[in-house]
Visitor: 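Below you will find the structure I want to go over with you.
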Amino acid sequence: MEIGAVENGGVVGGEVVAGKRGKTPQGWKCMPFIIATETFEKVATIGVVANLTVYLVKRFNIGQIEAANITNIFFGTLNFAPLLGAFISDVYLGRFKTLAYGCFASLLGMLGMTLSASLPALKPPICHEKTRLGGGCNSPSTLQLSVLYLSLGFRIIGGGAIRPCSLPFGVDQFDKTDEEGRKGLNSYYNWYYGTSTAALVLSMTIIIYIQNNVSWPIGFGIPTLLMFLAIIMLFLGTNLYVHVQPEGSIFAGIAQVLVASFKKRNLKLPCPRDINQQGLMLYNPPSKGNRVFRLPLTSQFRFLNKGAIVMGDDINVDGSARNSWELCNVQQIEEVKCLIRIVPVCISGVLCFVALAQQFTYIILQTFTMDCHFGTHFEIPAGSVVSISLIALTLFIPIYDRILVPIARRFTGVESGITLLQRQGIGLAISPISMVVAGLVERKRRNSALSNGGISPMSVLWLAPQLVLMGIAEAFNAVGQIEFYNKQFPENMQTLAGSLFFCTIAGANYLSTALANIMRKVTTRDGHSSWLTDNINLGKLDYYFYFIALMGVLNLIYFLICSHFYQYKVMSLHSEESIKIPTKEEEATEIDIDTDAPSK
């Protein structure tokens, strides 16, 4: 099916026609159910997987570096799976059904994890710390590993279905043709991420404390119950939801644009110096469908415009294209251009998340050799230390949304305070700083541990500065990415937009694993000790953090180059603006009709 083609309704001359959607979007009336579902699901999911490294090391007797690699691979696969989930949602099931099936798959995965922690036959014997350091622990059996990996597999299936659909399904409930709906949508992105992060804090404090200090079966059982509650909350709001039907695979439409443009590569574009006049001469029929905004023809990547040149009998009597692989419409072409513009920016997000990924692996390993006491009687679980970053993020988002954005708006005239790319860039700048701080703290921790028999008397709160910086970096970059993808992708690519964010996280997890393996091989040449060892007191983890910081600086330079050439998507709500092309001044100020257009 064509990218721009959907059913019942249309866009004529740039004016949005709602079409037959069945019901009016209810906006914030649906949010208690959607956000509650997301909150319970996040508490449940992170309650199982956030402490995975600790669980593998202390309960499954797996080596520290191997456990860190398993965690990275699991998180990477979990975050790549949304691409498949997005495809299934767009082609076959729609967002609501995909979301529902994903919740049930996650529930099965959590039940498996609970059983693996509860039944003696599904877990290896407990191994004491001294025996573990000596390498004398019993390894898990094939059956035990099979049940563990099968449970994680169900979690991947569930995450692949839930993650690309959850946020876009909430977006579907807002009417973007209405000013009030657009304003509500602007806050929805911040509050969605904020409540999700608050759920993460709950998981990484109370749930992880129960797992480490009370019982692993109870610690896994509570998230399983919460996942069941998430399913109930999702179905309670069924009568209020707007259900956008699946419209067919966007990947076929992307391929059609590339093939048609290639076939007509030798043709000359009409009116090459007048893009507005050219737009009137190319194939540009009225769009048919649900809430599809009209995208005007642009001059960037103009070689793709050749795919809309009409030749002979390319058009049927009813005005449709005779062969979609030989003739595409302007809407299709501009949607592909949007994707081409976004991908280079997306790549920059990967290295930002490489720094953030260290929270769930090596920073947790650091806590094993530090003083985790808070006061006289309370001991902070190793997996809960990461919650410092999440608390910083949770506290910073409302400050940003309610205080910093209005202040910035007065100076910039931009509705969202700063542009989407500026927000991401600030996060990319803070990320390498957090890694430098992490390296300095790690050097002090290692020297202290070596001077005190392997366990440093330093408080685990020494890790707080780097974690706070990581939280603030995530508040800028991660939330900025989510908003960027959902506003810059065409409407019928929203599910892909959601999955692309998680793909950047997945890329970061896989890259972290690759970097760790490469570092271990490179740094052991000529008989030298590795930077990364199972006993981190004997390694050079601080050098690894500095290397990630250097990569972050280079990544920031790359991002600035991409931002300089990026053109924001231009959409029109009124027919007289339907062929408006941004001027050079507008491109320089990064105008975006949804949130980044300077107020007049």
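Sequence positions, counted from 1, serve as the residue numbers for this chain.
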Visitor: Strictly distance-based, threshold 3.5 Å: is any side-chain N or O of Asn323 a donor or acceptor partner for the main-chain N or O of Trp325?
Guide: yes
Visitor: Rounded to the nearest 0.5 Å, how far apart are CG of Asn477 and CD1 of Ile472?
Guide: 13.5 Å
Visitor: Give, for atom CG of Leu295 and atom CG of Asn329, the distance between the pair rounded to the nearest 0.5 Å.
Guide: 10.5 Å
Visitor: Would you please name every residue forming a side-chain hydrogen bond (donor to acceptor under 3.5 Å, both in side chains) with Glu334, sequence neighbours left out?
Guide: Thr298, Lys337
Visitor: So, Ser431 side chain and Leu428 main chain: donor-acceptor pair closer than 3.5 Å or not?
Guide: no
Visitor: Measure the OG-CG distance between Ser261 and Leu304 for me, rounded to the nearest 0.5 Å.
Guide: 4.5 Å
Visitor: Less than 4.5 Å apart, side chain to side chain, heavy atoms only: is that true for Leu393 and Phe476?
Guide: no
Visitor: Can you tell me how far OG1 of Thr523 sits from CG of Leu532, rounded to the nearest 0.5 angstrom?
Guide: 6.5 Å
Visitor: Is a side-chain donor or acceptor of Ser89 paired with a backbone partner of Gly85 at a separation under 3.5 angstrom?
Guide: no
Visitor: How many angstroms lie between atom CD1 of Ile157 and atom CZ of Phe104, to the nearest 0.5 angstrom?
Guide: 15.0 Å
Visitor: In terms of the angle between their ring planes, are Tyr92 and Phe87 parallel, tilted or perpendicular, with boundaries placed at 30° and 60°?
Guide: perpendicular
Visitor: With a 4.5 Å limit on heavy-atom distance, are the side chains of Gln256 and Glu326 in contact?
Guide: no
Visitor: Look at the side chain of Lys306 and the backbone N and O of Phe262, then say whether any donor-acceptor pair between them is shorter than 3.5 Å.
Guide: no
Visitor: Under 6.0 Å between ring centres: does that hold for Phe484 and Tyr566?
Guide: yes
Visitor: Could you tell me if the side chain of Tyr510 sits less than 4.5 Å from the side chain of Thr77, heavy atoms only?
Guide: yes
Visitor: Once you round to the nearest 0.5 Å, how far does SG of Cys503 lie from CZ of Phe80?
Guide: 5.5 Å
Visitor: So, the side chain of Tyr283 versus the backbone of Val330: is there a donor-acceptor pair under 3.5 Å, distance only?
Guide: no
Visitor: Return yes if some donor-acceptor pair links the side-chain N/O of Ser166 with the main-chain N/O of Ile162 below 3.5 Å, else return no.
Guide: no
Visitor: Under a 4.5 Å cut-off applied to non-hydrogen side-chain atoms, are Val354 and Asn555 in contact?
Guide: no
Visitor: Angle class for the Phe169/Phe96 ring planes (parallel below 30°, perpendicular above 60°, tilted otherwise)?
Guide: tilted
Visitor: Any chance the side chains of Gln488 and Arg341 put a donor and an acceptor closer than 3.5 Å?
Guide: no
